Number of protein chains: 2
Amino acid sequence: MKQEELLRQARQLFSDYLEQHHQRKTTEKFVILDEIYLRNDHFDSESLYAEMKQKNFNISRATVYNTLELLKECRLISKHQLGKNHARFEKSYGFWQHDHLICLDCSKVIEFCDPRVHQITTRMGEIFHFDIPHYSLILYGHCQG
Amino acid sequence: MKQEELLRQARQLFSDYLEQHHQRKTTEKFVILDEIYLRNDHFDSESLYAEMKQKNFNISRATVYNTLELLKECRLISKHQLGKNHARFEKSYGFWQHDHLICLDCSKVIEFCDPRVHQITTRMGEIFHFDIPHYSLILYGHCQG
DNA sequence: GTGCATGCAAATCCTTTGCAGTGAT
DNA sequence: ATCACTGCAAAGGATTTGCATGCAC
């Protein structure tokens, strides 16, 4: 799918979500969505905020955080808490669900998929009678090891 | 294994570790180790610190954090970053490695084991040529779901 | 005796909150 | 016209740091 088409659909999904949840469709929210879907990396809130400033969008940190929360709720982005002061976000609409392998030396992030992860969440949900809408799997290692 | 025997071995392992890493064997470090091995829960640094205060051990937060770090390095405890301001520790010597399922509603923590987790870490290590000494798997769900 | 570890408090980091003003409905 | 959303700056909580003192070696 083309990048523009993906963004168009993401905007539509966000718009629908805001409507359903009686949230106002502000310019700021959509500017932030656009910015995120232009990026292809694992970014943090500060670098997103900095990029806004640099492009002369007068958007506050509070709004960045509020919008990231909304986008997370409607699953247009995913958030990964890689460590205490190390939260990272990435766009998720139109991409495969995946997990992360992080190098403890150079902080390189590798994405991987393994069907067994889903099997585990399903099985544990059954065993303990939990509905499991979300999980976090992060492998920490040394590259070239 | 009896609790006292487990603690005795943990103390010995800690002592050896400190010696090998040229760290001083202070009273504070061993008092903290004892305190942790008396507990059977997933605790945070503040509750450990509070318990010290309550028992009239004059130990500072700095020392609590320093010692937790050392105990983590020598694998006598494990640390789980359940969310940004939500780190939890538990003793790990003499216990099976396990992962966690957390209820988003009542914060209940369930421990589980699944051999597929280890298979995944091994496989990804092979594929990406990483040495993977550590990982984190946390499932977030709703109980009674 | 030397100098690393400790206690204390201030500093730090990311994130959240309070408030007054703005703009979406 | 309403009142939820925004920008700004100050507050917040967990953890780290700096410095003077004390204790392990």
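Numbers restart at 1 for each chain; the letters A, B, ... are given by sequence-line order, proteins then strands. None of these values were measured; they are calculated from a predicted model.
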OP1 or OP2 of C:dT16 under 4.0 Å from side-chain N/O of A:N66: no
message: Can you see if the side chain of B:T26 gets near the phosphate of C:dT6 - specifically, an N or O under 4.0 Å from OP1 or OP2?
response: yes
- prompt: Between the axis at one end of the helix from C:dG1-D:dC25 to C:dT25-D:dA1 and the axis at the other (five pairs apiece), what's the angle to 10 degrees?
  reply: 30°
Between P of D:dT15 and CZ of B:F89, the distance in whole Å: 6 Å
message: Is B:Q23 close enough to C:dC4 that one of its side-chain N or O atoms is under 4.0 Å from OP1 or OP2 there?
response: no
- prompt: Closest nucleotide of DNA chain C for A:E28 versus for B:K29: which of these residues is on the 5' side?
  reply: B:K29
- prompt: Would you say B:D131 and A:Q144 make side-chain contact, with heavy atoms under 4.5 Å?
  reply: no
message: Using only atom types and a distance under 3.5 Å, with no angle test, would you say the side chain of B:S136 pairs donor to acceptor with the backbone of A:I138?
response: no
message: Which nucleotide wins on minimum distance to the side chain of B:N58, given the candidates C:dG7, D:dT6, D:dT15?
response: C:dG7
field: Separation of D:dT15 P from B:N85 CG (nearest whole Å)
entry: 7 Å
message: Checking contacts here: which listed nucleotide (C:dT15, D:dC8, C:dC8) is nearest the side-chain heavy atoms of A:S60?
response: D:dC8
message: Quick one, A:R11 with A:D34, criterion salt bridge (charged side-chain N to carboxylate O under 4.0 Å, His left out). Give me CA distance, side-chain angles, the key distance, then yes/no.
response: CA-CA 8 Å; A:R11 276 212 202 92; A:D34 288 359; 2.9 Å; yes
task: On DNA chain C, check which nucleotide each of A:H86 and B:T63 is closest to and give me the residue with the more 5' one.
output: B:T63
- line: Atom CZ of B:F30 and atom C1' of C:dT6 are separated, to the nearest Å, by 16 Å
message: side chain to side chain contact (heavy atoms under 4.5 Å, CB included) for A:L76 and A:Y17? Distances and angles first, verdict last.
response: CA-CA 10 Å; A:L76 282 167; A:Y17 178 85; over 6 Å; no
message: Can you measure B:R61 atom CZ to C:dC8 atom C1' for me and round it to whole angstrom units?
response: 11 Å
- prompt: If each of B:K84 and A:Y49 is mapped to the nucleotide of DNA chain D with the nearest heavy atom, which maps nearer the 5' terminus, i.e. the 5' end?
  reply: A:Y49
query: According to a strict under-4.0 Å criterion, is B:Y65 in side-chain N/O contact with OP1 or OP2 of D:dT15?
result: yes
- prompt: Reckon A:T27 has a side-chain N or O less than 4.0 Å from the OP1 or OP2 of D:dC5?
  reply: no
- prompt: Mind checking whether B:F95 and B:L6 have side chains closer than 4.5 Å, heavy atoms only?
  reply: yes
task: Mind calculating the distance between CZ (A:F57) and P (D:dG7) to the nearest angstrom?
output: 12 Å
message: Between B:S45 and D:dA14, is there a contact of a side-chain N or O with OP1 or OP2 at under 4.0 Å?
response: no
- request: Nearest whole angstrom, please: distance from the P of C:dC14 to the NZ of A:K79.
  value: 13 Å
query: Just wondering, do B:R88 and B:K79 contact through their side chains at under 4.5 Å, heavy atoms?
result: no
- prompt: Within this structure, what is the CG-to-P distance between A:D44 and C:dC13, rounded to whole angstrom?
  reply: 13 Å
field: Rounded interatomic separation in angstrom, taking NZ from B:K25 and P from D:dC25
entry: 7 Å
- request: Record whether the side chain of A:R24 comes under 3.5 Å of the base of D:dA4 through a donor-acceptor pair of N or O atoms.
  value: yes
field: Between CD on residue A:E35 and OG1 on residue A:T67, distance to nearest 0.5 Å
entry: 12.5 Å
- prompt: How are the rings of B:Y140 and A:H134 set relative to one another: parallel (under 30°), tilted (30 to 60°) or perpendicular (over 60°)?
  reply: parallel
